[in-house]
S.K.: 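Questions regarding the structure given below will be posed in turn.
Heavy atoms only: backbone and side chains are in, while hydrogens, waters and symmetry mates are out.
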Amino acid sequence: MKNSAIEARQSSSRRVPQFSSVSITEGTIWKAILSFFFPILFGTFFQQLYNTVDAIVIGRFVGKEALAAVGGGVAVYVNLLVGFFVGLSSGASVVISQFYGAKNDADTSNSVHTSMAMALFGGILLTAVGLLTASLAMRLIGTPDEILVFSETYLKIYFWGMVPLFVYNMGASILRAVGDSKTPLAVLIAGCLLNIALDIIFVRIFGWGIAGAAWATVASELLSMVLVCIFLMKSKESYRLNPLKITFTPHIFKKMLKIGFPSGLQSSMYTISNILIQASINSFGTIAIASWAAYGKIDVLFWMIVNAFGVSVTTFAGQNYGAKKYERIHKGVRVTLFMTAFVTVLISVLFCAFGEMVFAIFTTDSDVVREGMVMLRFLAPTYITFISVEILSGTIRGCGSSFVPMLISLVGVCALRVLWISIAVPRRHEFFMVELSYPITWSTTSVLFWFYYLFGKWLKKK
């Protein structure tokens with residue numbers, strides 16, 4: 001995707017990448033943010049579409065038990081394991097963006113190859129862990145017997161795709177860190193189209209059931225990995241990937257871990273709290289589980305949007321921090337918060353008005369649709385309480401500080417949510433009490449992040 005007007009970087013022989021038309025460290029801030037936001041949003045949309053297509057095909061052609069399986073404990077458990085690595089790899093993205101913003105070509109290249117070494121090692125490790133623990137994990141969270149076999153089947157196949165998934169995600173993070181959010185989008189579109197085709201062939205035509213949906217996802221992730229690696233290997237920039245150079249550079253790896261490990265731990269703790277929520281939801285029966293699973297497929301639209309803004313502002317902050325443009329970072333926060341708030345309110349209104357039609361895409365069971373709408377109409381108006389967590393934490397991590405954001409999230413979200421599920425829900429065993437844990441913890445964490453952003457020493461000027 002070449003831009004017709006390629007400008008040379010000042011004070012450097014390296015050119016602006018050909019995919020970029022808006023400078024991250026110069027020019028209008030909202031244009032810089034949106035130039036990242038839309039490709040990342042569409043990319044996240046297609047990534048989520050993998051699981052969404054699975055849910056539609058499974059819900060309509062296999063049954064509500066299978067739908068409950070892929071969207072309930074399976075999703076939470078996958079997020080627990082995969083989320084830790086994704087958080088860990090965020091350290092790689094921040095380090096690369098800072099080196100790239102500072103025009104340090106040698107360390108940019110070393111960072112790219114260290115990050116790929118992390119992806120390969122993490123993918124192999126998680127494949128082994130996932131295959132060994134899938135059955136035990138589903139039993140520990142109290143998965144009902146009628147959906148247990150579906151959950152175990154899906155997980156044991158899905159974990160064979162960990163290496164492709166990790167390598168693709170790391171490759172996409174590298175490209176975004178240097179300003180290219182369009183190539184990962186193109187790769188994901190290709191993978192998603194393959195996933196849709198294989199879902200129909202494996203589940204609808206071949207009759208492989210939930211196993212067919214899982215194999216379709218693995219095949220799609222494999223294609224995405226191959227394509228993103230080809231793009232990186234063909235680049236002529238400092239972030240070019242040479243498979244023979246994939247190794248750990250100790251001082252860079254240490255820096256990545258310093259930033260990424262707290263983020264990975266934070267992600268895992270989020271998911272552990274959600275596992276407790278899922279275990280609580282399992283006690284309400286199959287209809288509640290299926291409704292929550294279908295709600296999650298709708299709810300993911302909000303998370304895609306807020307995550308896209310979060311990734312955008314993290315890269316924006318990282319490159320501007322590397323370029324020592326500190327006031328521009330603060331302006332970026334204000335602009336991004338305004339845009340995120342506007343879209344969040346709009347999404348909340350649309351969900352409440354048209355959610356029932358969307359639920360019907362996933363299931364024809366009227367009980368599941370009715371219960372799902374109760375969930376949606378309560379939670380959607382509370383989304384606004386979360387956006388500060390994503391934008392402020394993304395900015396702070398982009399500037400190299402991740403330990404305090406981890407502590408804030410552990411206290412404000414994880415610890416408080418665990419206490420709520422352990423104490424409040426048993427006293428009043430209603431689904432409403434489970435849902436209430438979300439706005440309470442989001443609001444608390446937002447207040448804590450604002451306090452640290454305004455008064456904490458997170459912006460260490462060079």
S.K.: For Phe284 and Ile289, run side chain to side chain contact (heavy atoms under 4.5 Å, CB included): C-alpha distance rounded to whole Å, both residues' side-chain angles, the deciding distance at 0.1 Å, then the answer.
M.R.: CA-CA 7 Å; Phe284 291 93; Ile289 298 172; over 6 Å; no

S.K.: Does the side chain of Tyr295 come within less than 4.5 Å of Glu371's, by heavy atoms?
M.R.: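 SC-SC contact between Glu371 and Tyr295 ruled out.
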
S.K.: I'd like to check Tyr383 versus Ile387 (side-chain heavy atoms, cut-off strictly below 4.5 Å). Are they in contact?
M.R.: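 Heavy-atom side-chain distance check fails, nothing below 4.5 Å.
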
S.K.: For Gly394, does its backbone N or O pair with a side-chain atom of Thr314 as donor and acceptor, under 3.5 Å?
M.R.: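 Side chain of Thr314 to backbone of Gly394, a donor-acceptor pair under 3.5 Å: yes, one is there.
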
S.K.: Could you go through Thr336 and Ser312, starting from their C-alpha distance and side-chain angles, then the distance that decides it, and tell me whether this counts as side chain to side chain contact (heavy atoms under 4.5 Å, CB included)?
M.R.: CA-CA 9 Å; Thr336 308; Ser312 300; over 6 Å; no

S.K.: Which heavy atom of Leu126 sits nearest to which heavy atom of Phe159, and what is that distance?
M.R.: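 Residues Leu126 and Phe159, closest heavy atoms: O-CD2, 4.0 Å.
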
S.K.: Between Thr344 and Val306, is there a side-chain heavy-atom distance shorter than 4.5 Å?
M.R.: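 Side chain of Val306 against side chain of Thr344, heavy atoms only: no contact under 4.5 Å found.
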
S.K.: Looking only at the aromatic ring of each residue, does the gap between the centers of Phe386 and Trp303 stay below 6.0 angstrom?
M.R.: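 Yes.
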
S.K.: Under the side chain to side chain contact (heavy atoms under 4.5 Å, CB included) criterion, do Val226 and Ile230 qualify, and how do the steps go?
M.R.: CA-CA 6 Å; Val226 171; Ile230 289 173; 3.9 Å; yes

S.K.: Is Met433 close to Trp420 at the side-chain level, that is, under 4.5 Å between some pair of heavy atoms?
M.R.: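 Yes, their side chains come closer than 4.5 Å.
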
S.K.: If you take all heavy atoms of Leu227 and Ala190, which pair is closest and at what distance?
M.R.: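 Heavy atoms only, the tightest pair is CD1-CB, 3.8 Å.
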
S.K.: Are Phe85 and Phe166 close enough that their ring centres sit under 6.0 Å apart?
M.R.: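 Ring centroids of Phe85 and Phe166 are less than 6.0 Å from each other.
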
S.K.: How close do Leu379 and Pro439 get, heavy atom to heavy atom, and via which atoms?
M.R.: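 Looks like CD2-CD, 4.2 Å.
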
S.K.: I'd like to know if the side chain of Glu356 and the backbone of Arg370 have a donor-acceptor N/O pair within less than 3.5 Å.
M.R.: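 Such a contact is absent between Glu356 side chain and Arg370 backbone.
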
S.K.: I'd like to check Ser115 versus Ile174 (side-chain heavy atoms, cut-off strictly below 4.5 Å). Are they in contact?
M.R.: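 With C-beta onward as the side chain, the pair touches.
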
S.K.: Evaluate the side-chain proximity of Phe37 to Ile305: yes if any heavy-atom separation is below 4.5 Å, no if none is.
M.R.: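 SC-SC contact between Ile305 and Phe37 confirmed.
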
S.K.: Ser89 versus Asn169: any side-chain heavy-atom pair under 4.5 Å?
M.R.: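 No, side chains not in contact.
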
S.K.: Would you mind reporting whether Ile189 and Phe42 have side-chain heavy atoms less than 4.5 Å apart?
M.R.: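 No, every pair of side-chain atoms sits at 4.5 Å or beyond.
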
S.K.: Looking only at heavy atoms, which two atoms of Thr315 and Arg176 are closest? And how far apart?
M.R.: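 Here Thr315 and Arg176 meet closest at CG2-O, 3.3 Å.
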
S.K.: Between the side chain of Ser97 and the main-chain N/O of Val94, is any donor-acceptor distance below 3.5 Å?
M.R.: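 Judged by distance alone, yes, a pair lies under 3.5 Å.
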
S.K.: Check this for me, if you would: do Arg139 and Glu152 make a salt bridge, where the nitrogen-to-carboxylate-oxygen distance has to be below 4.0 angstrom?
M.R.: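 Counted as a salt bridge, because a side-chain N and a carboxylate O are separated by less than 4.0 Å.
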
S.K.: Does the side chain to side chain donor-acceptor pair (under 3.5 Å) test come out yes or no for Trp450 and Ser388, once each step is laid out?
M.R.: CA-CA 8 Å; Trp450 271 111; Ser388 292; 2.9 Å; yes

S.K.: Work out which heavy atom in Tyr158 is nearest to a heavy atom in Leu165; give both atom names and the distance.
M.R.: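 Taking Tyr158 first and Leu165 second, the nearest heavy atoms are OH-CD2, 3.9 Å.
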
S.K.: For Val187 and Ser224, work out which heavy atoms get closest and say how close.
M.R.: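 The pair with the smallest heavy-atom distance is CG1-O, 3.4 Å.
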
